Amino acid sequence: MKVNRSAVYGVSDEVVAREIAGEIIIVPLSGGIADLEDELFTLNEMGVVIWRKLQGRRSLNEVIEELKEEWQGDDGEIETDVLGFIEELTRRRILVVVEPA
Amino acid sequence: MSRVISPSYSVKVDLSQHSLWKDRGPLLERIDLELTERCNNNCVHCNINLPMGSVRARQRELTTDRVKDILSEAAALGILTVRFTGGEPLLRKDFEELYGFARRLGVKVLLFTNARLITPRLADLWTRIPPLEKIEVSVYGMQEDSYDAAVRVHGAFAEFHRGVDLLRERRIPFVVKGPILPQTGRELDAFEAWAATIPAMDQPPVLSMFFDLRSRRDSPARNRLIQTLRVSPDDGVKVLTRRRSAYRKEMRQFCTKFMGPTGDRLFSCGAGQNPCVDAYGMLQPCLLLRHPALVYNVKKGSLKDALTNFFPGVREIRASDPEYLARCARCFLKGFCEQCPAKSWAEHGTLDTPVEYFCQVAHAQARELRLLREQERAWEVADWKARLEQI
């Protein structure tokens with residue numbers, strides 16, 4: 001699935017995202033999101049960082065630039081992480097392209 | 001930021017296998033909502049049901065908005081699952097609305113139902129928006145005559161089958177369970193064989209036979225009837241040990257965790273940690289315990305207040321009944337015994353009077369496992385730890 005760097009990504013209406021006890025919990029709303037009837041999703045540490053950045057309805061380019069400024073690390077790795085995260089979560093129908101704010 | 005070795009940023013969590021919480025979980029993980037006490041069945045053994053058409057009961061029930069408020073607060077406190085139970089929860093005309101509301105809050109719904117009111121429209125809803133918990137269907141017989149006799153409604157069996165067929169057709173995960181009643185006892189093998197054909201049944205159905213009395217203490221006549229339906233302790237043990245090796249294995253694990261005297265502390269169960277809102281807005285420590293001094297009116301307060309200020313005090317209540325202190329407080333069969341304040345309340349109207357029937361059941365199980373000899377009383381056994389180790 002191709003990731004559009006100039007697009008804004010937000011939470012799909014097929015899931016409900018919640019923050020409980022410091023954890024991001026993604027609860028399927030539509031059928032077929034998870035394999036088992038009681039499966040939920042959480043995010044790893046990097047996923048949480050990227051997820052929080054997406055909440056401002058910024059384009060991926062903006063998200064990547066902000067993360068590069070905030071995090072000391074290899075710029076290429078940051079870009080790879082963000083694009084990988086978006087690719088994975090759009091494939092899982094958790095994120096979709098949304099209108100900019 | 002550095003790349004993790006795992007290529008996955010989102011992690012699927014099977015809650016039956018793993019906890020979601022790295023440290024402490026939320027204040028409330030699960031709540032029961034008893035949407036109504038009314039039921040379209042009229043089971044002889046039921047400890048709560050009121051007639052389906054009871055206007056008085058319906059008028060007292062929480063409004064749709066009240067239920068939504070409770071769900072919203074429970075979600076804000078962290079619940080992942082709400083159990084909709086009753087009575088028959090599908091009797092509520094706003095069931096679909098409440099179900100959708102809960103799911104859109106990101107809460108999984110565990111539904112207890114007799115399946116008679118499942119319609120194609122409801123089954124479609126559960127296909128589109130799955131409950132994320134297996135629906136639990138109570139089954140009252142394998143034949144039309146036995147089923148209808150148990151629930152005392154003509155035509156109920158056909159409706160139950162239609163409901164279950166809809167779940168099967170739509171591949172909505174569900175499990176079945178049921179009571180052993182005089183009308184249905186001979187159908188046990190047939191029930192288990194049928195249950196094994198249900199895809200989500202990964203173990204034999206849960207059977208109930210040690211029936212509780214009316215939890216509202218509203219009918220001495222019904223209580224007398226329920227008492228006549230209770231299986232004898234020895235016959236109950238025969239049912240429990242039908243798969244002897246599995247039973248012994250399970251009990252071995254159970255005994256290492258849950259046995260031993262609990263002293264005068266009445267609540268060793270975490271009462272109020274997964275509480276139940278009854279049909280009228282009273283928050284109970286659990287589904288069964290309706291003692292008026294131990295429930296909290298959520299219409300005048302909040303779930304958070306109940307959880308932080310009310311139930312901790314409930315959990316500190318100590319037994320004072322001399323008979324309880326002489327027997328139950330010293331008994332190492334606590335894990336087997338269904339004696340608890342809820343049972344004592346239903347049976348005697350107190351919190352700490354021993355319930356003789358459950359005591360006998362626990363002793364029968366203990367004899368079967370050779371934890372006790374004939375005529376021995378568990379609270380008089382000094383070497384109980386050594387006996388447990390022998391299992």
Side-chain angles (χ1 to χ4, degrees), chain A residues 11 13-51 53 64 67-68 70-95, chain B residues 1-29 74-81 99-110 124-135 170-175 199-200 202:
Chain A
V11 181
D13 59 10
E14 294 194 275
V15 301
V16 180
R18 303 177 60 192
E19 183 160 355
I20 307 172
E23 299 285 333
I24 304 285
I25 314 286
I26 295 155
V27 183
L29 189 58
S30 301
I33 302 274
D35 300 326
L36 300 173
E37 68 269 3
D38 60 350
E39 269 182 345
L40 307 177
F41 297 89
T42 58
L43 302 176
N44 68 11
E45 281 181 37
M46 194 164 7
V48 172
V49 172
I50 301 168
W51 179 272
K53 280 288 168 201
I64 291 167
L67 287 172
K68 284 178 181 173
E70 290 172 19
W71 289 77
Q72 293 181 341
D74 185 301
D75 286 358
E77 281 186 358
I78 289 175
E79 203 165 314
T80 304
D81 277 331
V82 173
L83 298 179
F85 176 82
I86 298 296
E87 194 279 329
E88 181 183 315
L89 270 72
T90 49
R91 182 165 34 81
R92 284 187 161 170
R93 293 155 55 193
I94 294 171
L95 292 176
Chain B
M1 185 179 276
S2 61
R3 276 193 70 71
V4 287
I5 295 169
S6 164
S8 190
Y9 301 89
S10 56
V11 183
K12 273 192 248 185
V13 182
D14 176 358
L15 294 182
S16 64
Q17 304 292 324
H18 302 286
S19 169
L20 275 170
W21 320 118
K22 291 189 188 80
D23 302 313
R24 285 187 60 167
L27 185 60
L28 186 62
E29 285 199 49
L77 292 173
I79 61 160
L80 287 170
T81 300
Y99 174 82
F101 186 82
R103 290 292 290 108
R104 275 184 279 276
L105 285 171
V107 173
K108 307 192 293 174
V109 174
L110 171 58
D124 287 344
L125 172 64
W126 293 330
T127 306
R128 205 168 61 250
I129 304 177
L132 304 184
E133 294 275 2
K134 293 169 187 167
I135 293 173
R170 306 294 204 282
R171 297 185 180 179
I172 298 164
F174 72 100
V175 296
D202 47 17

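The structure presented is a predicted model; accordingly, all values stated were derived computationally and were not measured. Order of the sequence lines sets the chain letters (A, B, ...), proteins ahead of strands, with each chain counted from 1. Keep in mind that the numbers below use all heavy atoms, side chains included, and drop hydrogens, waters and symmetry copies.
- Heavy atoms closer than 4.5 Å to chain B are found nowhere in A:I26, neither backbone nor side chain.
- Of the listed residues (B:L105, B:I172, B:T127, B:T81), the one with the most heavy-atom contacts under 4.5 Å to chain A is B:L105.
- Shown here are the side chain to side chain contact (heavy atoms under 4.5 Å, CB included) partners of B:V175, two or more places apart in sequence or in another chain: B:K134, B:E136, B:A200, B:M201.
- Looking only at heavy-atom pairs under 4.5 Å with chain B, the residue among A:G84, A:A17, A:G47 that has the most is A:G84.
- Only the backbone of B:R24 comes within less than 4.5 Å of a heavy atom in chain A; its side chain stays farther off.
- Checked against salt bridge (charged side-chain N to carboxylate O under 4.0 Å, His left out), A:E23 has the following partners two or more places apart in sequence or in another chain: B:K22.
- Ranked by heavy-atom pairs under 4.5 Å with chain B, the list A:L29, A:L89, A:V27, A:V48 is led by A:L29.
- Shortest non-hydrogen contact noted between B:S8 and A:R92 is OG-NH1, 4.2 Å.
- Formation of a donor-acceptor pair under 3.5 Å by the A:N44 side chain with backbone atoms of B:S10 is not found in this model.
- Between atom CZ of residue B:R128 and atom OG of residue A:S30 there is a gap of 9.0 Å, rounded to the nearest 0.5 Å.
- Looking at A:L43, both its backbone and its side chain come within 4.5 Å of chain B, counting heavy atoms on both sides.
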